[in-house]
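Single-structure report; data block below.
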Amino acid sequence: MKKVLALLTFSLLFSATAFSQNLFTAINERDALAVKFLLNKGANIEAKDANGETPLISAVKTGQERVVIMLLQRNADVDVQDKNGNTPLMLAAAQPDQDQILNLLVQHAPKMGTKNALGETALIAAVKAGNKSAASFLLENGADVSTKDKHSKAAIDYANEQNNNGLISILSTQGK
């Protein structure tokens, strides 16, 4: 409670830019109440930190479903990219146990074919991470199994390299 009060007092003294920086702090500290307060006070949901991350990217990376919901309700850009070109969808797909966040992002119609600096799509990121449920979900929602990265490899090539029969099966059957 003291942390929230201190944050409230501090926040009242500064502009929307300060609100945005405090928003990153609140997300990093997993303080959803402070995030809600800052959003209600006009924090910039598209502000970027030194790594090119927006609050949505930070919330996805740390698996904070409640914060992701708050940001999406305020129309945070689901196609925003960090310095490495990663989108929230790519980051969620590459992490285990992010099915709910992945579903929330897909409900906001992200571009499935967006590529990061390595030419990877969310599907390739999911496969490289061995995330079968994410790969299957992405395919069900329009991901293209034939897209290749900068190494001229498609998702199935990474599944074959890993000898991941589950992913190979998913990509072979759902990807058609």
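Just so you know, residue 1 is the first one in the sequence shown, and it goes up from there.
To the nearest 0.5 Å, the span separating CZ on Arg66 from CZ on Arg30 amounts to 13.0 Å. Atoms CG and OG, on Asn160 and Ser172 in that order, are 7.5 Å from each other to the nearest 0.5 Å. Taken from CD in Glu161 to CG in Leu167, the straight-line distance is 12.5 Å, to the nearest 0.5 Å. In this structure, CD on Gln73 lies 9.5 Å from CG on Leu104, to the nearest 0.5 angstrom. A distance of 9.0 Å separates CD1 in Ile69 from CD in Gln107, rounded to the nearest 0.5 Å. A distance of 7.0 Å separates CD1 in Ile45 from CG in Asn75, rounded to the nearest 0.5 Å.
Here the closest heavy-atom approach between residue Gly130 and residue Gln162 is recorded as CA-OE1, 4.1 Å. Summarising the geometry of Ala26 relative to Ala34, their closest heavy-atom pair is CB-CB, 3.8 Å, with the distance given to 0.1 Å. Nearest approach of Ala126 to Ala135, heavy atoms of both residues: CB-N, 3.9 Å. The two atoms that bring Phe137 and Asn103 nearest to each other are CZ-OD1, 3.5 Å, heavy atoms only. Nearest heavy-atom pair across Val127 and Ala155 is CG1-O, 3.2 Å. In plain terms, the two heavy atoms of Ser58 and Thr62 that are nearest each other are O-OG1, 2.8 Å.
Under the 4.5 Å side-chain heavy-atom criterion for Ile, Leu, Val, Met, Phe, Trp and Tyr, Met90 and Leu139 are members of distinct hydrophobic clusters. Residue Ile156 is grouped with residue Leu123 when hydrophobic side chains (ILVMFWY) are merged at heavy-atom distances under 4.5 angstrom, including chains of intermediate members. When hydrophobic clusters are built by joining Ile, Leu, Val, Met, Phe, Trp and Tyr residues whose side-chain heavy atoms come closer than 4.5 Å, directly or via intermediates, Ile27 is grouped together with Leu91. Grouping the Ile, Leu, Val, Met, Phe, Trp and Tyr side chains by contacts below 4.5 angstrom, directly or via other members, places Ile57 with Val35. Hydrophobic cluster membership is shared by Leu105 and Leu71, with clusters built from Ile, Leu, Val, Met, Phe, Trp and Tyr side chains linked at under 4.5 angstrom.
Contact annotation: the side chain of Lys115 never approaches that of Asp149 to less than 4.5 Å [non-hydrogen atoms, C-beta and beyond]. Considering only heavy atoms from C-beta on, Asn40 comes within 4.5 Å of Arg74 through its side chain. Using a 4.5 Å cut-off on side-chain heavy atoms (C-beta onward), Lys153 and Ile124 make no contact. Counting heavy atoms from C-beta on, the side chains of Asn51 and Asp82 never come closer than 4.5 Å. Looking at heavy atoms from C-beta onward, Pro88 lies out of side-chain contact with Val78 at the 4.5 angstrom threshold. Between Thr54 and Glu46 the shortest side-chain heavy-atom distance falls below 4.5 Å. Counting heavy atoms from C-beta on, the side chains of Leu56 and Asp77 never come closer than 4.5 Å. Residues Gln174 and Glu140 meet the side-chain proximity criterion, which asks for heavy atoms closer than 4.5 Å.
Remark: Glu53 engages Lys61 in a salt bridge, criterion side-chain N to carboxylate O under 4.0 Å.
No side-chain donor from either of Asn164 and Tyr158 sits under 3.5 Å from a side-chain acceptor of the other. Counting only N and O atoms by type, the side chains of Asn116 and Asn84 include no donor and acceptor under 3.5 Å apart. Side chains of Gln81 and Thr114: a donor-acceptor N/O pair is absent below 3.5 angstrom, by distance only. Judged purely by distance below 3.5 Å, without hydrogens or angles, the side chains of Thr87 and Asp79 never pair a donor atom with an acceptor atom.
The backbone N or O of Leu138 sits nowhere less than 3.5 Å from a side-chain atom of Asn141 that would complete a donor-acceptor pair. Looking only at distances, no side-chain donor or acceptor of Gln98 sits under 3.5 Å from a matching main-chain atom of Ala93.
Of the options Lys150, Lys128, His151, a side chain to side chain donor-acceptor pair (under 3.5 Å) to Glu120 is made by Lys128 and by none of the others.
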### Stepwise side-chain contact (heavy atoms from CB on, under 4.5 Å) check, Met112 with Thr147
CA-CA 10 Å; Met112 289 287 180; Thr147 302; over 6 Å; no

